There are 2 protein chains.
Amino acid sequence: MAGQSDILRRLGRAVTRGREEILRILAESPLPLTPRGIRDKFTDPKPDAATVYRNLALLSSLGLVRSVALHERSRRYEATEVGAHRHRVVCRSCGRIEAFPARECDLSRIENDIRSRLGFRVTDHSLEFFGKCPGCLGKGNRP
Amino acid sequence: MAGQSDILRRLGRAVTRGREEILRILAESPLPLTPRGIRDKFTDPKPDAATVYRNLALLSSLGLVRSVALHERSRRYEATEVGAHRHRVVCRSCGRIEAFPARECDLSRIENDIRSRLGFRVTDHSLEFFGKCPGCLGKGNRP
DNA sequence: GCGCAACTTGCAAGTCTTTTGCAAATGCAA
DNA sequence: TTGCATTTGCAAAAGACTTGCAAGTTGCGC
């Protein structure tokens, strides 16, 4: 998809291998990735970690990628897909993350409520579920 | 509230000043605090940062406190109040965090869906809204 | 294609949060 | 009060990110 490179170009930002790869890697990943995980998916020569961080910050400020907070040590990023709206299920035992496309997450009423009661303009939200995955439920550790 | 100290005692964990203070500080805070922020609220002598981290890990594993991921550099913690269920609104411009007691966040249908479709047993969820607070909306920076 | 200016990258060093080892201090049950 | 497991403080380390700077690329006009 050249659309995102166009966005970069139009904003006067260079289209580099690093940036295109990050967008591709995130677009192909079913789950959000850490900066480290992203770098690992590069074929050699891998970019410096600092470059990955800088590019994620840039792409994030342009709205092309988005960071996801999953109570982990490191942050994760995912590609911003127009229209698509995913949430995640995280296993507290093994850390497994699974995407969960909420068929209808109607939070618009709550968002309206927030606007009228607090004067906040909500631009996005994050919704994650935590619990135990089937595998860990079977093992019966810490039920 | 002595109930929480009882829980510690019953589990064979010592009831120390550090632990009681953390529970009290979090219970009194309207917003989730970082480990650093918690330590700052101690009256001298303040515990070592390592102790705060260790105790937060302990209290968290016992379910007495819970960590909240707000896309910040540091994690935040809040006291677990039975029944109470809060969400937060975070300003992307100034970082201001506001508690938002959702009158009805009916995610139970989604949680049921997750259980039946993925086999995941959901124990809790995190829901945060991001946007701009009234103050920053007024300033008109990055509308 | 060429060259310049602006933007990017790699590298190294630095910051900040969180974790860990260990000996001294403390909590608690008997 | 004693004994012993649990906790704490301290110091060092690990890990995630950030920043300064010189060298390397990209984009644009020619």
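Below, each value reflects all heavy atoms present in this structure, side chains not excepted, and no hydrogens, waters or symmetry copies. Remember, predicted model here, so these are calculated numbers, not experimental data. Chain letters run A, B, ... following the sequence lines, proteins first, then strands; residues in each count from 1.
- Residues A:Glu28 and A:Arg24 are paired through a salt bridge, judged by an N-O separation under 4.0 Å between the basic side chain and the carboxylate.
- Distance CG (A:Asn55) to P (D:dC17): 15 Å, rounded to an integer number of Å.
- Look at A:Arg96 and A:Glu98 and you find a salt bridge, because one of the NZ, NE, NH1 or NH2 atoms lies within 4.0 Å of a carboxylate O, short of that distance.
- Without hydrogens or angle criteria, A:Ser29 side chain to A:Ile25 main chain gives no donor-acceptor distance under 3.5 Å.
- Look at CG on B:Leu70: it is 16 Å from C1' on C:dT17, rounded to the nearest Å.
- Over its full length, the helix from C:dG1-D:dC30 to C:dA30-D:dT1 turns its helical axis through 40°, comparing axes from the five pairs at each end and rounding to 10°.
- If you measure from atom OH of A:Tyr77 to atom P of D:dA16, you get 13 Å, rounded to the nearest angstrom.
- Residue B:Leu56 contributes atom CG, which lies 14 Å from atom P of C:dT17 at whole-angstrom precision.
- The CG atom of B:Leu33 sits 16 Å away from the C1' atom of C:dT17 (whole-angstrom rounding).
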Please walk me through it: do A:Arg13 and A:Arg19 pass side chain to side chain contact (heavy atoms under 4.5 Å, CB included)?
CA-CA 10 Å; A:Arg13 321 311 296 262; A:Arg19 294 178 183 170; 3.8 Å; yes
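- Residues A:Ile22 and A:Tyr77 have side chains not in contact (no heavy-atom distance under 4.5 Å, counting atoms from C-beta outward).
- Taking the side chain as every heavy atom from C-beta outward, A:Val15 and A:Glu20 approach each other to under 4.5 Å.
- The CD-P distance, from B:Glu72 to D:dT18, rounds to 13 Å in whole Å.
- By the 4.5 Å heavy-atom criterion applied to side chains, A:Glu72 and A:Val90 are not counted as neighbours.
- Atom pair B:Arg39:CZ and C:dT17:P shows a separation of 12 Å (rounding to whole Å applied).
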For nucleotides 18-30 of chain C, 5' to 3', base contacts (B), sugar-phosphate-only contacts (S) and non-contacts (-) with protein non-hydrogen atoms under 4.0 Å give BBBB-----SS--
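- Interatomic distance, A:Leu127 CG to B:His125 NE2, rounded to the nearest 0.5 Å: 7.0 Å.
- For B:Thr51 and D:dT7, the shortest distance from a side-chain N or O to OP1 or OP2 is not below 4.0 Å.
- Between A:Ser126 and A:Arg66, the closest side-chain pair of non-hydrogen atoms is not below 4.5 Å.
- The distance between atom CD1 of A:Ile22 and atom C1' of C:dT9, rounded to the nearest whole Å, is 12 Å.
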